[in-house]
Structures are given as C-alpha cells and as structure tokens.
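To start, the structure itself, in structure tokens.
Computed from a prediction, not measured in an experiment: that's the story for all the values here.
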Amino acid sequence: MLLELLNDKAYVPMKAKEIAILLDIPKSQRGELTEVLDALVAEGKAGISKKGKYGKPEAFSVNGIFSGHPKGFGFVTVEGMEQDVFIPEDKTGAALHGDRVQIVVESESRDKRRAEGAVIRVLEHANKEVVGYYQKNKSFGFVIPDNQKIAKDIFIPQGCDMGAVTGHKVVVLIKDFGGNGRKPEGVVKEILGHVSDPGTDILSIVRAYGLPEAFPEEVMEQIEGIGDCVEVPGEWHPIGNVSAGGEALSRQSCDPCYGLDDLPAPSEWTGDLAGRLDLRVLQTVTIDGEDAKDLDDAVTIGRNSRGNVILGVHIADVSHYVREGSPLDKEAVRRGTSVYLVDRVIPMLPHKLSNGICSLNAGTDRLALSCIMEVEEDGTVADHRICESVIHVDRRMTYTAVNAILTEENGETAAEYKEFVPMFLAMKELADRLRAKRRKRGAIDFDFPESKILLDPQGKPLEIKPYERNAATRIIEDFMLLANETVAEDYYWQSVPFLYRTHDNPDPEKIKQLGIFINNFGYFIRMQQGEIHPKELQKLLDKIEGTPEEALLSRLTLRSMKQAKYTTLCSGHFGLATQYYTHFTSPIRRYPDLQIHRIIKEGLRGGLGERRTAHYERLLPQIAVQSSALERRADEAERETDKLKKCEYMSRYIGQEFDGVISGVTNWGFYVELPNTVEGLVRLSELHDDYYLFDEQRYELTGEMTKKTYKLGQPVRVQVAGTDRLLRTVDFILARQWAREDRDEEE
C-alpha cells in the first residue's frame, strides 16, 4: 500500500506524520509506519529527503562512480560533493568497482564521518569482462577477480568453464551482475594459461586493463605502403659560413658558429620534402637507455657569434606518416600511449614505424620537426625557430656511455667517442644552467629511484635494483623541458587551438595537513592566503636531502599535489613553476604530442584557417580527456606488473633478512622499503611485545606500555615472512636480531 502511494503520480513527498494522517493510521501505530518506511529506504524502494520527507527513490537520488574495497564495502564519488558517500557491504547491490550508479543518501556526513548511502540502480557497468583465478568445485566453479576492488567472486555454472581447471587464469564474460545477496554469474571466454606458466601473469594484467595487443588488419595493410627509408636528393650543404676556427664547417665540428639567421632557407625539394630545412650537416646524436628502440628525439648544440648557445631539439615527424582520420590514426587515438611493461612494450604505433622509419636511428636520414633555440648565459631563450627538417643522426648514444664520459672520467669510453666529447661537455654546461634557472623560479624536482627489473628468458626476475637518474638523463630531461616550454609559449600567444600539459595548484587543505606533519620533524612551509608557491616545496626538499626522513617527506609532498593532465586551457604547470607547458617531444609513444605536431605543421604551412581552427576546437577537448585517462591506465598497469615481479622475486628469499626503511605507517601495521625498491608490510598483529596505537597526525605507532615507536623514515631489519602473487603483496616480520636489540635497549 505504501509503495502504491509513493508511486502515485499525484503524490508529493511527505513526512511520516503526514502520511499517517493521509492513510488514517492511529498514533499508536506511527512508530511501526516509520519502521516500514525506513525499511523501504534501506531496500532502495523509497527515498528520504534531508527534511525527512519520503518519496520515490529517484526523487532524492544522486549519481556517481562506485569504488569498491576488498572487504566488500565501497564509496561513491558524486560530482559537486566534497566527500565520497560510504556504501556498506549489504547495500552495494549489483555494483562492481568502476560502475556508474544511482544511490540514495541515507545519512548526512557529520563530524569526521562520511555520508552513508545505498545503491538503488547500476546505470552503467564498467566490468563486462573480468580476469581472475579459476577454482573448480564438483559441479561448478568460480573466479576470484585479479582486481581486488571487485570483492565478489563470479559464479561459473557447470559447462560454462571451457574446460578450465583450478589454477587457470581466465577471462570471464559476466552474464548476470547479481545483487540482493546473489553473486555475479558468468562464462569463461578465454583461458590465458596456468598461473605457473611463463608469461601468464603479465598477460593477465594486459587483459585486466584492456590493453590493446595486435594491430587491426586495416592498420597493417596501411603500413605496407610506407617505405623503410627517407629518399633525399642532392648533397649536404654546410650551415653558416665559417666555424669558430675560421674554417668551413664539417660534420664533425664540435663548436659550429651559427645563429638562427644562418640556418638555410627552406630547400628547393618538392613532394614530401617541400619546405624542409636540410640540417644533416649538424653533428647530431640521440641519447637513450640501452633497451630503447623507439628513438623520437635527437639533439645538436653550437654557439653563435654573440656567445649564446644554439640548442637544437629534433623530434621524429610521426605526423608525416600517421595522417588524421586514417586507420593508423584511429588506432593511435584508441591506444593513447605506449605501455612499457616489465617484459614487453605495447606500442602506440606498429614496430615498422616506432622502431623503423619514425625512429631516429643512427646513420639514416630522417624527417623531423625541429625546435632550434638561442639560449643566453642565464638559461633564457632569446630566440627560437620551429621548422620541418631533415636530420642525420651520427651516433646512437646511451645514458650509461655519456654519463661515463661526463662524470666517471672513463678514458676508454671517452676515447671511443672522442669526436663527440666536446659536444657532451657543452651539453652538460647548458643543462646545468637550465636546471639552475628552473630551481631559481621554484620548479620542484622529485628524485625517486625507479625500479629496474631484469628477467630471464622465461620471464622470472633475476635482479631488482634502483634505476637512478644520472648526468646524461638529466641533460635530455632539461633539453626536452625547454623545448616543451618554448613550443607551448609560442602557440599560446598565437591563440590557436592547442593541447597543454597542466598541473593545478595543490588543494590548500592537503598542503595544510602536510605543513602540520612536517612540523613534527622541525620543518615548515609558508603559505599566503591559503596558497603555496612551488618554490616553498622545493626549499623543503632541499632541506630534507640526505636526512633519514627524506624518502618519507618527499613522498608525502608528492601525494599532497594534484595529478598532471592534458587540457586545452593553458592554466600553468605548478610542479615546473611555469605558465606554459606542453608535450611536444614524444610523438612515437604519446598521442597528444602527435596531435600537436599536426597543428604546428598546419600553422607553418599557413593552413590554420577558420575551418581547421573550428575543427581542432571541436576535437581537442575530447583528445585531452581521453589521453589523460589512457595515461592513467598505462601507469596503473605498469605499477601492477612491477609489483607482481617484485613479489615473485621476494618469494625466493622467504626466511632471509634485509635492512630497510619504514615507508608508510597505518593502523594495521607499517610498510618497509628495501634498498632495491621492494616494499612489504609488517602487520600490527605480528608486533607481539606490546599493544600499539596509531597516531594519525604523526604517522607513528606507539607501544601502550613500552612507549616504543615505529615511524616513517626509521631504519629497521626485517625478515621475509611470505608473499601472495594473487594479491601482489610481500609480508615482513621484524627480524629476531632487531627484536633482540629492542629488548636490550629497554632493559
């Protein structure tokens, strides 16, 4: 009767008292009426307003994205609401992680408690397919999802398992999403392999994140028509009249004397080469990691008669081969970025392009888009020119070799590349100046070691070590940053549609919390009217450099900042402390760079009229949003594969002891990071000597009786207790030696 009333077209939301009067329910039974109404709300069949009026659930519902938790409950992010809405396990309905849902808010947030609600309807399912671990019973099976945020096992009826056995990793197509106590139900669509088979673990992550693998047939047909080399007629012509020594320039000149005005006029070439500058005379190198095959940036350096440095950053002209709207372009948009997993690369473009004609391989002529900059003594770009060009790379250098020449004074390496040594010395001198200029304006420089995971042919991890930045990697970083800033500022002032890489100012509340926490270590940051300048954060990083708390405070500082993204609005980059920034330097592996190249080339050729401008104004917002989302997907997949291989590696060391540093403290234990970047958890339940309380403000665990503390940055010795390859976790316990030392100190 109540449901009929609530769903009547003439009904308007009423309080329980008003409903009782309308239905002639005596006062003695109004408590029971309220109980029934609240039960309907709990079941999602009714809704209640902030003022206590009851009506159809749609009248008081809101929509958002459901984020699941391994323990079964979840949260819904609603646009316009400051905090997520908590959804208890028994009120998640058929929602799975990532679904767009409709919820009713049953209790408002108060004090530190979130608002609480219930899912009444799933509007859009995010998980039509799920990857997981298959377990077979006598007459049926079920799949435990790899994604721990999908907290429900998926029921597989008899005959729907494709013959899978316990231990198989499978892809499941969900047929029924369940709800009201029923598990989701599905059928096995594909068996990826047994969990112990080489490569199955990474393939599971590839499928779980929906990463593309083979290129469509129409794409492969298109690349068949693309040649393997650039055919350039004629001979090379020197740039400028004389070198610093007064002799004609040769290809091996290490200190050419030329300015932007000395660059040749566009060649008289026709066809694909029309309008390009012939820069093949310049001594040109690429500097990349040993394993890199998609080389999309090359550099040159010289000096003009005014004493200013002329830096050339030459980027592969991918847009020449990937035309807008072609099958290649559509597939590149769908992929968004190349994904670099531990044992494989999933490229944005087919290998014939990414490792072939687009890659700036040594000893070959290549088409490029060049940004040539005149840089003054203080690192300021006095002038620049962006042009289409043809280049010829002399040497494919590695970071290791260049670093050896610059910092290790390796005579053998220097002798091998003796004709390039002056070039590298000039590059390091310029890079040092550029970095000093950025630091002066307040750019933040995080220097976290990345993991280098070495695998054997079967995909088993042999070694894990931190991959540190060195002098050579910093040179390329500095040069690419300068080119990206220069291009962004140029096209901002041209007022044409463009893609920018933006990094918004941090949330004031997060910075305030960071300030409170670092006070515990004797540091402070200065804020003005709730805002902070990036220079303040860089000052903090400088102060903590080399201290025990450096890793901890650096991570917390990074977590207090927002995530960079692609936008069509040039709103600035907080971390780099610059108003203008874009991604121009990696079109082989990032779609935004490729899109930017198209706009630049149309502008250079005078083709950005009203029609094309309107076209890009319609297109770019969608590209920005999609590219940002695909970048996050790639980052997450890369992190998961790293965690997987670290877990597999540590499984060989169960029972062994290692020195580490506490990298995180929670109310369920503390995380310890080893020198090789592996992180594991020491659970609170494994600390048997006392009852420990978690101090949320100081990120510390304190023993109730002993007052012993475990805090961020503290060195500890741990023993590997176990690993879980399904959860991708490593468990530590405190080493006996460490525990003994603690007891000795107490005594």
Checklist entry - In a check of side-chain hydrogen bond (donor to acceptor under 3.5 Å, both in side chains) between Tyr566 and each of Gln595, Gln626, His583, which one passes? => result His583
Item to check | Ionic contact status for Asp291 with Lys452, cut-off 4.0 Å | outcome: yes
Checklist entry - Between Glu648 and Lys645, is the closest basic N to carboxylate O distance under 4.0 Å? => result yes
Item to check | Side-chain donor-acceptor contact under 3.5 Å, Thr502 with Asp504 | outcome: no
Checklist entry - With a cut-off of 6.0 Å (strictly less than), are more than 12 heavy atoms of other residues, nucleotides or ligands near NZ of Lys352? => result yes
Checklist entry - Does Ser451 reach the main-chain N or O of Ile453 with its side chain, forming a donor-acceptor pair under 3.5 Å? => result no
Item to check | Side-chain (Glu638) to main-chain (Tyr340) donor-acceptor, under 3.5 angstrom | outcome: yes
Checklist outcome for this item: Smallest heavy-atom separation, Tyr500 atom then Ala488 atom, equals CE2-O, 3.8 Å
Checklist entry - Do NZ/NE/NH1/NH2 and the carboxylate oxygens of Arg632 and Glu636 come within less than 4.0 Å? => result no
Item to check | Separation of Asp294 CG from Cys358 SG (nearest 0.5 Å) | outcome: 10.5 Å
Checklist entry - Is Lys428 paired with Asp432 through a side-chain N to carboxylate O contact shorter than 4.0 Å? => result yes
Next on the checklist: Could you measure the distance from the CG atom of Leu558 to the CE atom of Met561? Nearest 0.5 Å is fine.
Outcome noted: 6.5 Å
Item to check | Leu576 to Ala443 - nearest heavy-atom pair and separation | outcome: O-CB, 3.4 Å
Checklist entry - Nearest heavy-atom pair of Asp378 and Lys437: which atoms, and what distance? => result O-CD, 3.3 Å
Item to check | NZ/NE/NH1/NH2 to OD/OE distance under 4.0 Å, Lys539 and Asp542 | outcome: no
Checklist entry - Taking Asp490 for the side chain and Tyr492 for the main chain, is one N or O donor matched with an acceptor at less than 3.5 Å? => result no
Item to check | For the student: nearest non-hydrogen atoms of Val487 and Ile600, plus distance | outcome: CG1-CD1, 3.8 Å
Checklist entry - Heavy-atom distance under 4.5 Å between the side chains of Asp329 and Arg598, does that happen here? => result yes
Item to check | Worked verdict on Thr641 versus Lys643 for side chain to side chain contact (heavy atoms under 4.5 Å, CB included) | outcome: CA-CA 5 Å; Thr641 54; Lys643 284 166 59 179; over 6 Å; no
Next on the checklist: I'd like to check Phe521 versus Leu553 (side-chain heavy atoms, cut-off strictly below 4.5 Å). Are they in contact?
Outcome noted: yes
Checklist entry - Can a salt bridge be assigned to the pair Asp201 and Arg728 using a cut-off of 4.0 Å between side-chain N and carboxylate O? => result no
Checklist entry - Step by step, would you call Lys293 with Ser359 a side-chain hydrogen bond (donor to acceptor under 3.5 Å, both in side chains)? => result CA-CA 8 Å; Lys293 295 181 176 63; Ser359 184; over 6 Å; no
Item to check | Heavy-atom check, side chain of Ile310 versus side chain of Ile372, under 4.5 Å | outcome: yes
Item to check | Stepwise side-chain hydrogen bond (donor to acceptor under 3.5 Å, both in side chains) check, Gln283 with Thr300 | outcome: CA-CA 6 Å; Gln283 188 182 55; Thr300 58; over 6 Å; no
Item to check | Side-chain donor or acceptor of Ser370 paired with backbone N/O of Ile386 under 3.5 Å | outcome: no
Checklist entry - So, Glu374 side chain and Leu311 main chain: donor-acceptor pair closer than 3.5 Å or not? => result no
Next on the checklist: Show, in sequence, the C-alpha distance, side-chain angles and deciding distance for Asn403 and Thr407, and conclude whether the side-chain hydrogen bond (donor to acceptor under 3.5 Å, both in side chains) test is met.
Outcome noted: CA-CA 6 Å; Asn403 187 59; Thr407 63; 3.2 Å; yes
Next on the checklist: Take a 6.0 Å sphere around NZ of Lys543 and say whether it holds more than 12 heavy atoms from other residues, nucleotides or ligands.
Outcome noted: yes
Next on the checklist: Could you go through Val230 and Thr364, starting from their C-alpha distance and side-chain angles, then the distance that decides it, and tell me whether this counts as side chain to side chain contact (heavy atoms under 4.5 Å, CB included)?
Outcome noted: CA-CA 8 Å; Val230 178; Thr364 63; over 6 Å; no
Checklist entry - Would you say the side chain of Arg590 lies within less than 4.5 Å of the side chain of Thr585, judging by non-hydrogen atoms? => result yes
Next on the checklist: Ignoring hydrogens and geometry beyond distance, is a side-chain donor-acceptor pair present between His314 and Asp297 at under 3.5 Å?
Outcome noted: no
Next on the checklist: Tell me whether Lys440 at atom NZ has more than 12 heavy atoms from other residues, nucleotides or ligands lying less than 6.0 Å away.
Outcome noted: no
Checklist entry - Does a side-chain N-to-carboxylate-O contact under 4.0 Å join Glu485 and Arg441? => result yes
Item to check | Shortest non-hydrogen separation from Met480 to Ile315 and the atoms involved | outcome: SD-CD1, 4.4 Å
Next on the checklist: Show, in sequence, the C-alpha distance, side-chain angles and deciding distance for Asp365 and Arg280, and conclude whether the salt bridge (Lys or Arg N to Asp or Glu O under 4.0 Å) test is met.
Outcome noted: CA-CA 8 Å; Asp365 293 343; Arg280 292 175 295 168; 3.2 Å; yes
Next on the checklist: Can you tell whether the side chains of Arg433 and Asp478 come within less than 4.0 Å, N to carboxylate O?
Outcome noted: no
Item to check | Flag side-chain contact, heavy atom, 4.5 Å: His597 against Val318 | outcome: no
Item to check | Test log, rule side chain to side chain contact (heavy atoms under 4.5 Å, CB included), inputs Asn361 and Val393 | outcome: CA-CA 7 Å; Asn361 300 328; Val393 174; over 6 Å; no
Next on the checklist: Can you confirm whether Thr557 sits close enough to Leu540 that some side-chain heavy atom of one is under 4.5 Å from a side-chain heavy atom of the other?
Outcome noted: yes
Checklist entry - Can you tell me how far the CG atom of Leu644 sits from the OH atom of Tyr649, to the nearest 0.5 Å? => result 15.5 Å
Checklist entry - Does any N or O in the side chain of Thr398 come within less than 3.5 Å of the main-chain N or O of Ala401, such that one atom is a donor and the other an acceptor? => result yes
Next on the checklist: So that I can tick it off, tell me whether Arg306 and Glu376 are bridged by a salt bridge, with the cut-off set at under 4.0 angstrom between side-chain N and carboxylate O.
Outcome noted: no
Next on the checklist: To the nearest 0.5 Å, what is the distance between SG on Cys387 and CG on Leu369?
Outcome noted: 7.5 Å
Checklist entry - Any side-chain donor paired with an acceptor under 3.5 Å for Lys465 and Thr677? => result no
Checklist entry - Do Asn484 and Arg501 come within less than 4.5 Å of each other through their side chains, counting heavy atoms only? => result no
Checklist entry - Quick one: is the NZ or CZ of Arg474 closer than 6.0 Å to the six-membered ring centre of Tyr399, and within 45° of its axis? => result no
Next on the checklist: Tyr581 vs Glu489, test: side chain to side chain contact (heavy atoms under 4.5 Å, CB included). Steps then yes/no.
Outcome noted: CA-CA 7 Å; Tyr581 197 67; Glu489 184 171 5; over 6 Å; no
Checklist entry - Please walk me through it: do Asp317 and Arg366 pass salt bridge (Lys or Arg N to Asp or Glu O under 4.0 Å)? => result CA-CA 8 Å; Asp317 187 359; Arg366 287 290 186 259; over 6 Å; no
Checklist entry - Do you know the tightest heavy-atom contact between Leu353 and Val322? => result CD2-CG2, 3.8 Å
Item to check | Heavy-atom side-chain proximity of Tyr491 to Ile596 below 4.5 angstrom | outcome: no
Next on the checklist: Taking Thr486's backbone N and O only, do any of them form a donor-acceptor pair with His384's side chain (distance below 3.5 Å, no angle check)?
Outcome noted: no
Item to check | Mutual orientation of the aromatic rings belonging to Tyr653 and Phe658 [parallel < 30°, tilted 30-60°, perpendicular > 60°] | outcome: perpendicular
Checklist entry - Hey, is Asp445 close enough to Arg469 for a salt bridge, meaning N to O under 4.0 Å? => result yes
Checklist entry - Is there a donor-acceptor contact under 3.5 Å from the side chain of Asn304 to the main chain of Asn308? => result yes
